[in-house]
Amino acid sequence: QVQLVESGGGLVQPGGSMTLSCAASGFAVGSYNIGWFRQPPDTEREGVSCMGSGDGVIYYADPVKGRFTISRDNAKNTLYLQMNNLTPEETAVYYCAATQQLPALPFSVSCAAFVGYGHWGQGTQVTVSA
């Protein structure tokens, strides 16, 4: 049974940093397409960053490029999201999600629109506030 459990959220000041973790079970993170998504209050969910299976192609949404880093530890079967220079507008519930097979779309499109990601964690709240 595929299971994803996020952790590491909390309160951080503007300009601060935070690392989210997503512990996976029931599958190997290296063999699935996996990513981070977020849903700010009263806003639609959006793709933040995704990593492809195998060769690990990576996508970052434009607003987070240069500040966020996605990575995975195959030995720990865990996905990470390092977030730097956070802004209050990035307050959201952050989710990790995974899928073994993506639809026939560009990788960036499937991540940005979270198309095809069928397995989701419960989410972790990130609040950026002074």
Side-chain angles (χ1 to χ4, degrees):
Q1 181 180 358
V2 172
Q3 191 171 14
L4 300 163
V5 179
E6 302 95 337
S7 61
L11 176 65
V12 62
Q13 291 189 341
S17 299
M18 179 176 283
T19 299
L20 304 181
S21 301
C22 175
S25 59
F27 73 101
V29 293
S31 65
Y32 270 51
N33 303 287
I34 193 164
W36 290 97
F37 306 82
R38 64 188 179 189
Q39 187 162 16
D42 302 320
T43 306
E44 292 185 355
R45 193 172 297 187
E46 61 185 8
V48 176
S49 180
C50 295
M51 179 178 286
S53 62
D55 61 0
V57 60
I58 290 176
Y59 162 83
Y60 291 103
D62 284 344
V64 308
K65 283 181 180 176
R67 298 187 298 118
F68 288 17
T69 302
I70 190 172
S71 63
R72 67 186 178 207
D73 186 328
N74 291 341
K76 295 183 178 179
N77 214 32
T78 299
L79 181 74
Y80 302 96
L81 185 68
Q82 170 69 40
M83 305 184 292
N84 298 323
N85 196 19
L86 285 159
T87 68
E89 291 72 29
E90 293 177 307
T91 293
V93 178
Y94 284 71
Y95 300 88
C96 68
T99 183
Q100 190 171 24
Q101 183 69 41
L102 284 170
L105 292 171
F107 186 77
S108 59
V109 172
S110 64
C111 183
F114 51 96
V115 174
Y117 286 84
H119 305 287
W120 290 79
Q122 82 288 349
T124 185
Q125 176 70 46
V126 173
T127 301
V128 185
S129 176

Asks: Are Y60 and V48 packed together at the side-chain level, in the sense that at least one heavy-atom pair is separated by less than 4.5 angstrom?
Replies: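 Not touching, per the 4.5 Å side-chain cut-off.
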Asks: Does any N or O in the side chain of E46 come within less than 3.5 Å of the main-chain N or O of F37, such that one atom is a donor and the other an acceptor?
Replies: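 Absent.
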Asks: Would T99 and N33 count as a side chain to side chain donor-acceptor pair (under 3.5 Å) if you check the C-alpha gap in whole Å, the side-chain angles of each, and the deciding distance to 0.1 Å?
Replies: CA-CA 5 Å; T99 183; N33 303 287; 5.6 Å; no
Asks: In the structure I gave you, are the side-chain heavy atoms of Q122 and E6 within less than 4.5 Å of one another anywhere?
Replies: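 Yes, side chains in contact.
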Asks: From L79 CG over to R72 CZ, what is the distance, rounded to the nearest 0.5 angstrom?
Replies: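 It comes to 8.5 Å.
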Asks: Show the nearest heavy-atom pair for residues P63 and R67, with the distance to one decimal.
Replies: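 Closest approach of P63 to R67, heavy atoms only: O-NH2, 2.8 Å.
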Asks: If you group Ile, Leu, Val, Met, Phe, Trp and Tyr by side-chain heavy-atom gaps below 4.5 Å, do W36 and V2 land in one group?
Replies: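 Same cluster: W36 reaches V2 through Ile, Leu, Val, Met, Phe, Trp or Tyr contacts under 4.5 Å.
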Asks: I'd like to check V128 versus Q13 (side-chain heavy atoms, cut-off strictly below 4.5 Å). Are they in contact?
Replies: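 Contact flag for V128/Q13 side chains = no.
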Asks: Is there a side-chain contact between N84 and F68 in this structure, where contact means two heavy atoms from C-beta onward sitting under 4.5 Å apart?
Replies: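 No, every pair of side-chain atoms sits at 4.5 Å or beyond.
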Asks: Which atom pair, heavy atoms only, marks the closest approach of P88 to P14?
Replies: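 That closest heavy-atom pairing would be CG-CG, 4.0 Å.
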Asks: Search all heavy atoms of C111 against all heavy atoms of S49 and return the closest pair with its distance.
Replies: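 Heavy atoms of C111 and S49 come nearest at SG-C, 3.7 Å.
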Asks: Which pair of non-hydrogen atoms, one from P103 and one from V115, has the smallest distance, and what is that distance?
Replies: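 Distance-wise, the nearest heavy atoms are CG-CG1, 3.7 Å.
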Asks: When you group the ILVMFWY residues by side-chain heavy-atom contacts below 4.5 Å and let the links chain together, are V29 and I58 in the same group?
Replies: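 Yes: a chain of side-chain contacts under 4.5 Å links I58 to V29.
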Asks: How close do P41 and T91 get, heavy atom to heavy atom, and via which atoms?
Replies: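 Closest pair (atom of P41, atom of T91, distance): CD-O, 3.5 Å.
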Asks: Taking it one step at a time, do F27 and I34 satisfy side-chain contact (heavy atoms from CB on, under 4.5 Å)?
Replies: CA-CA 11 Å; F27 73 101; I34 193 164; 4.3 Å; yes
Asks: Examine distances only and state if a side-chain atom of Q82 and a backbone atom of T19 form a donor-acceptor pair shorter than 3.5 Å.
Replies: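 Not a single qualifying donor-acceptor pair exists.
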Asks: Could you check whether R45 makes a cation-pi contact with Y95, meaning its NZ or CZ is under 6.0 Å from the centre of the six-membered ring and within 45° of the ring axis?
Replies: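 Cation-pi check for R45 and Y95: passes.
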Asks: Would you find a donor on one side and an acceptor on the other, under 3.5 Å apart, between the side chain of Y117 and the backbone of L102?
Replies: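 No: the side chain of Y117 does not pair with the backbone of L102.
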Asks: Working note: F107 + Y59, criterion ring-ring contact (aromatic ring centres under 6.0 Å, His included); need CA distance, chi angles, decisive distance, verdict.
Replies: CA-CA 7 Å; F107 186 77; Y59 162 83; 7.2 Å; no
Asks: Is L81 reachable from V93 through a run of hydrophobic residues whose side-chain heavy atoms are each under 4.5 Å from the next?
Replies: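 V93 and L81: separate clusters.
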Asks: Between atom CG of L4 and atom SG of C22, what is the distance when rounded to the nearest 0.5 Å?
Replies: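 It is 4.5 Å, given to the nearest 0.5 Å.
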Asks: Each residue besides L11 in its hydrophobic cluster should be listed here, by chain and number; the cluster joins Ile, Leu, Val, Met, Phe, Trp and Tyr at side-chain heavy-atom distances under 4.5 Å.
Replies: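 None; L11 is a cluster of one.
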Asks: For residues A92 and R38, report the shortest heavy-atom separation together with the two atoms involved.
Replies: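 Closest heavy-atom pair between A92 and R38: CB-CB, 3.9 Å.
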Asks: Hey, does V126 have a side-chain heavy atom less than 4.5 Å from the side chain of E90?
Replies: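 Sidechains of V126 and E90: no contact.
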Asks: Heavy atoms, side chains only, cut-off 4.5 Å: are L20 and M83 in contact?
Replies: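 A side-chain contact exists here, since the closest heavy-atom pair is under 4.5 Å.
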Asks: Once rounded to the nearest 0.5 Å, what's the spacing between atom SG of C96 and atom CD1 of I70?
Replies: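 Those atoms lie 9.5 Å apart.
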Asks: Which word best sums up how the rings of F114 and W120 line up, parallel for under 30°, tilted for 30 to 60°, or perpendicular for over 60°?
Replies: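 The rings of F114 and W120 stand perpendicular, inter-plane angle above 60°.
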Asks: For the backbone of G9 and the side chain of T124, can you confirm whether one donor and one acceptor N or O come within less than 3.5 Å of each other?
Replies: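 Side chain of T124 to backbone of G9, a donor-acceptor pair under 3.5 Å: yes, one is there.
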Asks: Within the 3.5 Å criterion, strictly below it, is a donor on T78 or D73 matched to an acceptor on the partner's side chain?
Replies: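 D73 and T78 do not have a side-chain donor-acceptor pair below 3.5 Å.
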